[in-house]
Amino acid sequence: MSTGGQKNMIKTKYKTYDDFQKNGGENAWQKIWEKQKLNQAEDFAKKEKKYILVEFPYPSGAGLHVGHVRSYTALDIMSRMLRLQGYNVLYPMGWDAFGLPTENYAIKNKIHPRIATEQNIATFKKQMKNLGLSFDWSREIDTTDPKYYRWTQWIFLQLYKKGLAYKKKMPINWCPSCKIGLAHEEVVDGKCERCGAEVEQREKEQWILGITKYADRLIKDLDTVDYLDKIKTQQVNWIGKSEGAELKFEVRSLPAMQSIALQAGKKLEKKEYITVFTTRPDTLFGATYMVLAPEHPLIKNLESNIYNYSEVKKYIEKAKNKSELQRTSLDKEKTGVELKGIKAINPANNEEIPVWIADYVLASYGTGAIMAVPAHDERDFEFAKKFNLEIIEVISGGNIRKEAYAGVGKLVNSGEFDGLDSEEAKKVITKKVGGKLKTQYKLRDWVFSRQHYWGEPIPMVYCEKCKWVPIPEKDLPVELPDVKHYEPTDTGESPLAAIKDWVNTKCPKCGGPAKRETDTMPNWAGSSWYFLRYCDPKNNKAFADAEKLKYWLPVDLYNGGMEHTTLHLLYSRFWNKFLYDCGLVPISEPYAKRVSHGMVLAEDGKKMSKSLGNVVNPDEVVNNVGADSLRLYEMFMGPFADTIPWSTEGVKGVRRFLEKVWSLREKVETQNNVETHCNASLRTRLHKTIKKVTEDIKEMKFNTAVSAMMIFVNEAQKEGISKDDFKKFLIILAPFAPHIAAELFSQLGNKESIFKQSWPSYDENLIKDKTIKLAIQVNGKLRDTMEAAADITDAEAKEKALASEKVQKWTEGKEIVKVIVVKNRLVNVVVK
RNA sequence: GCCGCCGUGGUGGAAUUGGUAGACGCGCUGGACUCAAAAUCCAGUGGUAGCAAUACCGUGUCGGUUCGAGUCCGACCGGCGGCACCA
């Protein structure tokens, strides 16, 4: 209890915490911080830098989600602690504002997407400020600002110059609902990742980025960064590297069949080959048939040699009409048609083997054709069984009468190679048949064109004479023109195509008439390099100054959603590597460390959604209990990476905690009687708490840090607390609940901001307990506990344990086999 | 189907990495204050038995290793996430 001579001289207009929170106490502090420019990062400061980054949001009309609050607060806490520890911290924020939802909103409400974006940004920014997040607003960026997307376009031109952006007609995934082409990464289970509509295949001329050129490095360099394991695994799987060989099989028209065939019978005009990719060239002797994807171009070339061509054509038509989803989900029954009239020659033994088409072979992977080795591949085995094709064992070790054996082993039935190890045989056999070793990836090049209005115009012009010509860099940005209608079209043309006087332009090369590219970039473009722009957001000579990049990069900690692992995270690593290769950024990996937050579910355990009416609005929570409570609750709710349902009751709990903190004002002893009233155990507790909170923030274990502070406050409430100790406590509380911490700190008579203090250190000696509780076990079961001096010797502990009456009760009449002592922890008496 | 992660009170979750399971918070029960309620404060709160001391059981299930297992190993059950005919 506080009975100190002088009453504390706390001057405040707020009588209670409720008074403070309800009457603008938090906002008042936010204004002060803004004035003091506390959160601005300083280029080239002598202090050690830390670049803390959280994915910038898409400013939707729905406003901030409590899920945003979770990750922004978490990194805010880290940033604030780092600043207090003396680092020069860059913790920026901006807007990833191009994209479909805004465009749709704009269409529906007849409002220009630019206006809608501005409104949404204003809302988001206000919400963020109300939360007391310590972003450096002087570095705010907006991907839809021409001053920003000028450089997005500029980077595109660099990609073009290096041959990494190219235009190609290819089948793409088309979302009929969004009326837009999608990248491979944006298709989930055959559906559009945004709206869930089933995608269709369409042939279209598209701008493509050659990300596959970087596939190998995107895998390899993961070794140099600190990402969560599951993030690395997901990227590695997505890139899907496999090593094998490309082998060529000659195709022959069968003389025997020629007489039967009505229109067949011609000899092949030139030699035709089927090239396959295989990871198992060692099984070549077991290749008993071949399979082409229905889309394989060879089929058309051999039309006159295939006498069942009408049947084949029917099958191809059927396959074409199946969506990607159907083709992959009807995974059980395999179907196919033999190409009658032609055979392939197995180059290993010159045997004629049949050629089939089947949709279990994908045109988009490898060469669109396979050699089928039913003895050693599950799918081929299934197919061979169904169509009665030959199965020859060439690797020993399995039971191929029952199932395919995909393992390794010694070669059999492989002529001169019998007895060889399968691993070794891969190289030898490839060489012998004139094949070449090859690495294949699942990753596909990035379809970069979108047929919409609200995106960065692709800075290219098409001239009949000069073909595709890039816009000169000095003429950037190519600004989005105003249009009357920005509805997407079903024809696959961007709404920009309708603006004739924008589309029709002059060729920058020959001056002749030319047309602008009317497709825009995908919403992933602006976010692929935004972390670079934060280093130098106002530069209009370059996307960022090289020296500034050198100072700030890499991003020391990057937090974002798991859903971006194979999209934004991969894309931005690719762009950064490209810029690195151009000598424009100083490091090849942009993010030193990547972590991911868990989702915040609704109170009912379901995903928050407007339609379910279970959305928690952060503004309401801030109004009711304050930003500090919201922040603290989201940290306390559970481990940062876990998905956790919202709990309104839980919010009450942390609010009570803050009220207790406020009431500690009355428990504060003046400096005069520190020694008499502040007992040593609270001091010990404080230092333990400092240690725990410091370490937990670093490890992102915010929930246990909050719990430690609660324990401290509970104790302080009972014991009373010295002014000095209270100050230290407020500093460690400040990153979590900056408003109340700043207020109480100032109420204690401190003129200087709490955020200009330095992070308290802890004294290891103080943390050490003088006495410990020793657990006494008999045969591993707890039977007694006793107080003992810390660092009690093993012998003393043993003696003490054996002296215990309760222990004696359990050892009576038994033989003591041994006694195990764990220092400062327990004694286990083992009896028989 | 394959790969990865995870199963702890009524509830969100702790547990020094093999050493007293259930910290902290919520809820609940009882009490104080109040005309009353709310708020607040105090006490209790894994289960079973007992007035109690205490005993037994207890971290998805079964088994194993160990003086000692929530933690390690094996099998199974359940949940979540990723990939899914990738040759």
Side-chain angles (χ1 to χ4, degrees), chain A residues 18 188-190 228-238 240-242 244 276-280 283 287 291 293 327-332 334 358-362 364-373 376-380 382-383 406 440-444 562-563 565-566 598 632-633 636-639 641-657 659-660 663 692 701 703-714 717 773-785 806 809 817-832:
Chain A
D18 201 55
V188 178
D189 285 337
L228 293 177
D229 271 345
K230 60 175 177 179
I231 296 176
K232 286 191 184 184
T233 316
Q234 241 182 77
Q235 290 208 342
V236 169
N237 288 344
W238 186 258
K241 180 178 180 172
S242 44
V276 302
F277 172 75
T278 176
T279 54
R280 295 298 301 268
T283 64
V291 187
R327 253 175 89 162
T328 52
S329 71
L330 300 172
D331 54 349
K332 275 288 148 257
K334 291 216 167 12
D359 63 5
Y360 83 91
V361 172
L362 307 173
S364 54
Y365 183 77
T367 61
I370 61 155
M371 64 176 211
V373 185
H376 304 291
D377 181 279
E378 216 178 293
R379 296 149 299 174
D380 298 345
E382 194 193 323
F383 192 81
Q440 188 71 43
Y441 300 93
K442 281 193 234 178
L443 184 73
R444 296 178 208 175
M562 278 308 290
E563 71 276 14
T565 303
T566 55
L632 207 54
Y633 168 67
F636 185 58
M637 69 196 308
D642 286 14
T643 296
I644 296 171
W646 183 264
S647 160
T648 305
E649 292 299 328
V651 179
K652 271 197 223 163
V654 293
R655 164 71 193 223
R656 274 179 206 153
F657 164 70
E659 271 160 19
K660 274 190 209 171
S663 72
K692 177 86 178 144
K701 287 154 73 175
N703 54 331
T704 48
V706 175
S707 143
M709 290 189 284
M710 285 172 166
I711 293 170
F712 175 78
V713 169
N714 288 342
Q717 208 171 29
K773 242 166 107 191
L774 209 53
I776 316 292
Q777 301 180 331
V778 177
N779 284 352
K781 283 200 171 181
L782 182 72
R783 294 304 178 190
D784 199 4
T785 59
K806 286 172 187 166
K809 212 173 96 189
V817 185
K818 60 176 161 177
V819 179
I820 288 150
V821 183
V822 181
K823 192 142 187 77
N824 285 350
R825 202 154 294 277
L826 63 74
V827 180
N828 188 14
V829 182
V830 186
V831 297
K832 215 165 42 181

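Just the heavy atoms: all of them, side chains too, but no hydrogens, waters or symmetry mates, feed the values below. Treat the numbers as computed from the prediction; the structure is a model and nothing was measured. Chain letters run A, B, ... following the sequence lines, proteins first and then strands; every chain starts at 1.
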Using a 4.0 Å heavy-atom cut-off across all strands, classify [X] as base, sugar-phosphate, or nothing.
X: A:Ser242; answer: sugar-phosphate
X: A:Ile711; answer: sugar-phosphate
X: A:Ile644; answer: sugar-phosphate
X: A:Arg783; answer: sugar-phosphate
X: A:Pro639; answer: sugar-phosphate
X: A:Thr785; answer: base
X: A:Asp380; answer: nothing
X: A:Thr279; answer: sugar-phosphate
X: A:Lys823; answer: nothing
X: A:Lys442; answer: base

Item to check | Assigned glycosidic conformation for B:G9 [threshold 90° from 0] | outcome: syn
Item to check | Rounded distance [0.5 Å steps], CZ in A:Phe277 versus CE in A:Met371 | outcome: 10.5 Å
Checklist entry - For the base of B:U20, is there a side-chain donor-acceptor partner from A:Arg825 under 3.5 Å away? => result no
Checklist entry - Considering only the P atoms, how many Å lie between B:C80 and B:U66, rounded to the nearest integer? => result 37 Å
Round to a whole Å and report the spacing from [atom1] of [X] to [atom2] of [N].
X: A:Lys809; N: B:A53; atom1: NZ; atom2: C1'; result: 9 Å
X: A:Lys660; N: B:A39; atom1: NZ; atom2: P; result: 15 Å
X: A:Ile231; N: B:G81; atom1: CD1; atom2: P; result: 16 Å
X: A:Arg655; N: B:G25; atom1: CZ; atom2: C1'; result: 16 Å
X: A:Glu378; N: B:C2; atom1: CD; atom2: P; result: 9 Å

Does a side-chain N or O from [X] land closer than 4.0 Å to OP1 or OP2 of [N], or not?
X: A:Lys806; N: B:U54; result: yes
X: A:Lys781; N: B:C57; result: yes
X: A:Asn703; N: B:A14; result: yes
X: A:Asn828; N: B:U20; result: no

Checklist entry - Using purine N1 to pyrimidine N3 plus N6-O4 or O6-N4 for Watson-Crick, or N1-O2 and O6-N3 for G-U wobble, both under 3.5 Å, which nucleotide pairs with B:C41? => result B:G31
Checklist entry - Does atom CD of A:Glu563 have more than 12 heavy-atom neighbours from other groups under 6.0 Å away? => result yes
Checklist entry - Do the ring planes of A:Tyr360 and A:Phe383 sit parallel (below 30°), tilted (30 to 60°) or perpendicular (above 60°)? => result tilted
